[in-house]
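Remember, it's a predicted structure, so these values are computed and weren't measured experimentally. In listed order, ligands and their atoms are each counted from 1.
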Amino acid sequence: MKKLLLVIVVCLDCLYCNAGINNMVVDVKKPVTDIAPTMYGVFFEDINFAADGGLYAEMVKNRSFEYQQNLMGWKVVGDIDLKNDGPFENNPHYLRLNISNHRDRYAILENEGFFGIAVKEGEDYRISLWARCPEGGESNLRVTLANPASMGESHELVNGWIKVEGREWKKYSTILKAPETKTKLVLRIFMRQADGKPIATCDVEHVSMFPLNTWKGRENGMRQDLVQKLADMKPGVFRFPGGCIVEGTDLATRYQWKKTVGPVENRPLNENRWQYTFAHRMYPDYYQSGGLGFFEFFQLCEDMGCEALPVISCGLSCQFQNPDPNEPGVHADVDNLDEYIQDAADLIEFANGDVTTKWGKVRAEMGHPEPFNLHYLAIGNEQWDYEGNPAFTARLQKFLDVLRKLHPDIQYIGSTGPYSDGKDFDVLQTKMIKMKVDLYDEHYYQSEKWFLDAKNRHRYDTYSRKGPKVFAGEYACHETEKKYNHFYASLCEAAFMTGIERNADIVRMATYAPLFAHVEGWQWRPDMIWYDNLQSVGSCSYYVQKLYSVYKGTHLLSLKMNGKDVAGDDDQNDLFASAVWDKKNGCYYIKIANVGTEQQSVSIQLRGLKKGNYKATGLTLQSDDREAENTLDNPEMVVPRESAVSIENGTLNTIIQPRSFNVLVVSYL
Ligand code: AHR
């Protein structure tokens, strides 16, 4: 009788324990596949003032006077001429500051910066310019950071002097220390007598201002805080420079990498298509200086230890603007692509060629004789075939024919166009498989509904394993009507990404987009990292991406609940999950998203775990408010919080909070 009672109690106990518990099993003994080191990365495009005014730390707008309106961004007072026979062939304009008869009132230049010039108390800033006195003699330039009040009054915060001597163009600079933090200053430069000496007419070109504190202290540097945010993600791959920027609105304005290397003073300006793409968000002063060019890109990849993934024009200008491939003069002729293919081949040489090659030498002259070890090249951005005309695929084939012979070690990436599904997608996907590209690039900017839809939750489960691999090159989740950053959209991304991870054998790269946005200069939302001129903040999506990337592991493990993948299916209590092993440090990472409003008890058996002492930690990104978002004023509203998780006899037991994304880290003690 006693025995029977005991059995009943034990059975009830089991029932009680298991009621409402989501029992998952991770098979730690047999990895399913490796995870590509490139799996999670970043995609940089100069949209939302991501380069000039963003990552690129230059603080002077229109530094070479080459914007279409040459004085855009500048206020000039006094006797000033715009000249165009300057020392830099590709940026020929400069300003001549003439002397005036008035004793103290000479020509004055004032630059407004990108949404103002912001400085931090105690930090040093280098102001440099190229100058000469065309008629000989010397001139004194007073360089000041000032409040943007009416000129003539004293609103200086700090000043320095640059003495210009002689008829030859030379580079001059001075360093100013900011006595206080200010957000909306101007840079003012004007001639002024010193020691009663007469001053001479002075020519001024390429006026530049950088903080000394750039990423790695480089002179033509990047914003320290923004690169740090990228580096913290430990990205595996870095796609650059776009995006539609690659194509240009027309061929003339496409991104041409050769124009972005060599001395910065001579890199020609390009318009930025995001200046006018959206009529409701026009930025007439949005240009590309090329200061953040291909050398800087490769250098950043090297700094962060990730693979570079350049995207090159395939000879089609933006097909949204110019859909008809037969429109004369708008796209490069399919039978006349030599210049474009040569550009691609030369880019590979710039990255990998030895210093005796033409482009390897350019790289070496820029300070990097060692190759950058490029392994990937994407041909075209969002391209497609058009009404029976193989606009994209015919061009792509020509590139592949030449490049594969020249550089068989590079992996070439095609595209399935701008759409995630539908006829165009299907046609392109079939063609990419047929053409045997190494990877093809998919884009999806989609609603929350799409991200959680059964078809997409299982999107990659059914992809053929025989053909090319997949690069999810641009994606982000938004609400159906309004597009903006908010927690729930990021949670949907996290849930969807368990499907990417679960299919790590076919999906080898994934990069969220867009990456950067200036709070005063954006054209496209949502974005991963926001900033003003002084501070930056990671959105909830940033933290999702960072958690995936930092905890990407090296091998995928099978994770099942009742024998099935955990992909938010009807009987799975709004849970999505995936598991990986990190061979390098012996840790296991289990990612669980709960998109529902109920908390969930989860028990995860790590089947096959070697005996030993383990500890488990949970990193949780959670909010009860689906609209919650990190802002510059409240940057840590939703960030991962750490907690201990119970692990006993190889089984983890935890409560997964409603609407949360979690990474459970299991490590050997
Ligand atoms: O990321 C913004 C834009 O979205 C990219 O330029 C383009 O590739 C896509 O349409």
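Shortest contact from atom 10 (O) of ligand 1 to any protein heavy atom: Glu382 OE1, 2.8 Å. The protein heavy atom nearest to atom 1 (O) of ligand 1 is Tyr445 OH, 2.7 Å. For atom 6 (O) of ligand 1, the closest non-hydrogen atom of the protein is Glu45 OE1, 2.6 Å. Protein heavy atom closest to atom 8 (O) of ligand 1, with residue, atom name and distance, is Glu474 OE2, 2.8 Å.
Heavy-atom separations between Pro514 and ligand 1 include at least one value shorter than 4.0 Å.
Side-chain contact annotation: Tyr445 with Glu474, donor-acceptor N/O pair under 3.5 Å present. Side-chain polar atoms of Gln383 and Arg395 form no donor-acceptor pair below 3.5 angstrom. At a cut-off of 3.5 Å, with distance as the only test, a side-chain donor of Asp250 or Thr253 sits close to an acceptor on the other residue.
Checked against a 3.5 angstrom limit, the closest N/O atoms of Cys244 and ligand 1 fall inside it. Between Trp274 and ligand 1, a contact under 3.5 Å exists for no N or O pair.
Tyr40 pairs with exactly one of Lys552, Glu501, Lys234 by the side-chain hydrogen bond (donor to acceptor under 3.5 Å, both in side chains) rule, that one being Glu501.
Atoms of ligand 1 found under 4.0 Å from any heavy atom of Trp524, numbered from 1 in the order shown, are 2 (C), 3 (C), 4 (O). Close approach of ligand 1 to Asn381 is summarised as follows: ligand atoms under 4.0 Å from at least one heavy atom of the residue are 7 (C), 8 (O).
The cationic group of Arg239 lies under 6.0 Å from the six-membered ring centre of Phe43 and within 45° of the ring axis, placing it in a cation-pi geometry. Figure legend: cation-pi geometry between Arg659 and Tyr488, with NZ or CZ positioned under 6.0 Å from the six-membered ring centre and within 45° of its axis.
Residue Phe320 does not touch ligand 1, judged by heavy-atom distances below 4.0 Å. When heavy-atom distances to ligand 1 are checked against a 4.0 Å cut-off, Ile245 has no atom that comes that close, whether in backbone or side chain.
You'll find the ring centres of Tyr283 and Trp522 outside the 6.0 Å limit.
Under the 4.0 Å criterion applied to side-chain N and carboxylate O atoms, Arg525 and Glu629 are not assigned as salt-bridge partners.
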